[in-house]
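Both counts, for ligands and for their atoms, begin at 1 and track the order of listing.
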Amino acid sequence: MKILVVNAGSSSLKYQLIDMETEKVLAKGGCERIGIPGSLLKAKGNGKEKLYEQDMPNHKVAIELVLHALHDDEIGVIKSMDEIGAVGHRMVASGEYFKKTTLVTPEVMKVLEEKTFELAPLHNPAAATGVRACMEVMPKTPMALVFDTSFHATMPEKAYLYGIDYDDYKKYGVRKYGFHGTSHKFVSSEAAKYLGKKPSELKIVTCHLGNGSSISAVDGGKCVDTSMGFTPLAGILMGTRSGDIDASAVEFLARKKGLSHADVITYLNKKCGVAGISGVSSDFRDLIAGAEKGNERCKLALDMFAYQTKKYVGSYAAAMGGLDCIVFTAGIGENTPTVRAGVCEGLEFLGVKLDKNANAGKNDGSIREISAKDSKVKVLVIPTNEELVIARETAEVL
Ligand code: ADP
């Protein structure tokens with residue numbers, strides 16, 4: 001069976017067509033500037049690339065163009081739409097309404113719209129637009145919603161609750177949900193396979209370090225804690241997000257800067273993190289270049305990022321009562337040896353020992369073991385593959 005994975009944003013739509021027998025990507029691409037003049041689709045298939053510069057006033061037109069590209073004479077990989085067995089849609093927030101991957105029905109869409117949009121106003125409405133567009137264009141094809149939050153549904157209450165009035169938690173659903181679940185799930189199960197162990201035998205800390213970053217404690221194959229919270233703003237500082245901050249400091253900042261509630265949250269999401277600390281960039285390549293030239297604030301941003309990540313590794317080892325493996329993944333986790341070294345330095349007391357040469361090695365897209373042979377805790381770099389998890393979950397729920 002072939003599964004189309006769709007990740008729709010407010011003005012973008014990324015896709016991959018995956019053959020589930022081989023788990024190979026047959027075609028992929030992305031529509032940009034949907035609803036904005038100058039829309040385009042960059043599509044790959046058959047080992048070739050093609051650029052479609054075509055007006056896409058809405059997501060329905062975008063998905064029609066994607067299907068056209070999948071059938072294209074040059075880059076097409078299918079002959080008929082019937083070859084697409086299902087569509088898996090990436091969804092960000094589920095609230096407490098969807099604990100696992102869910103097949104799309106009109107009732108499910110109603111709950112999604114009525115209950116989850118306010119939990120992720122930037123992401124869920126846009127992704128739902130993508131679902132509706134696919135439903136219109138491919139009415140007979142089954143569709144599944146795969147949530148970033150599902151893998152974290154196994155967290156115990158003591159881990160996901162905030163110290164607020166319990167009745168308010170019940171009434172408003174204010175609690176930690178966590179994000180990047182498909183990535184944490186993928187890399188933790190790949191780590192178990194690589195180590196030749198059952199997931200049930202391992203205590204793993206997975207560090208998804210990208211523009212958005214989160215860290216999870218995976219005990220026996222199940223997530224027991226994670227660093228992001230009610231929204232993706234929580235946890236360690238990120239590219240432009242502040243990460244955890246005292247709620248009273250937020251109110252103080254808003255007052256001093258004359259910002260509304262909404263504006264101060266936008267400020268914490270967009271103007272802070274390593275970009276705010278360094279005053280240079282949110283991109284770690286720029287920060288590393290800056291630090292090498294002696295820029296103290298770039299160095300400080302890198303130090304803070306590694307220090308905060310390290311604290312999560314330590315606290316999650318404590319939460320799980322042990323640690324067998326640390327996994328680094330995503331843009332920074334896969335490509336930045338200095339960050340990995342900074343995280344692992346000082347964790348020798350837990351049995352973490354890096355192999356400097358292995359850590360300095362280039363990302364070649366494969367799983368790399370970067371701990372020393374005699375390290376009690378294995379340290380792995382594992383390229384993430386969120387699309388494959390979405391496709392697997394979709395196939396499973398069918
Ligand atoms: P997201 O999916 O959250 O947008 P990614 O996982 O793609 O983010 O990570 C993006 C970040 O990864 C960039 O901001 C950059 O800092 C870092 N990154 C990507 N490639 C490299 C590289 N080759 N070297 C260092 N950092 C990199």
Which option, Asn335, Leu209, Asn211, Asn363, owns the non-hydrogen atom nearest atom 4 (O) of ligand 1?
Asn211
Cationic tip of Arg175 above Tyr160 ring, under 6.0 Å, 45° of axis
yes
Return the closest protein heavy atom for atom 18 (N) of ligand 1 as residue, atom name and distance.
Gly331 O, 3.6 Å
So if I count the atoms of ligand 1 from 1 in the order they appear, which ones are less than 4.0 Å from some heavy atom of Thr336?
25 (C), 26 (N)
Is it true that Phe305 and Phe284 have ring centroids separated by less than 6.0 Å?
yes
Check for me whether Gly239 has a heavy atom closer than 4.0 Å to any atom of ligand 1.
no
Going by the rule ring-ring contact (aromatic ring centres under 6.0 Å, His included), which residues pair with Phe151 if we only count those two or more places apart in sequence or in a different chain?
none
We want to know whether Glu118 and Tyr172 form a side-chain donor-acceptor pair, criterion being a heavy-atom distance below 3.5 angstrom.
no
For Phe147 and Phe98, take the angle between the two ring planes, folded into 0 to 90°, and tell me which bin it lands in: parallel under 30, tilted 30 to 60, perpendicular over 60.
parallel
Proximal atoms of ligand 1 relative to Gly212 (non-hydrogen, under 4.0 Å):
3 (O)
Relative to the heavy atoms of Phe284, which atoms of ligand 1 are at a distance of less than 4.0 Å?
15 (C), 16 (O)
Run the salt bridge (charged side-chain N to carboxylate O under 4.0 Å, His left out) check on Lys203 and Asp219 step by step: do they pass?
CA-CA 5 Å; Lys203 295 179 191 297; Asp219 193 354; 3.3 Å; yes
Any atoms of ligand 1 less than 4.0 Å from a non-hydrogen atom of Asp283? List them with their elements.
13 (C), 14 (O), 15 (C), 16 (O)
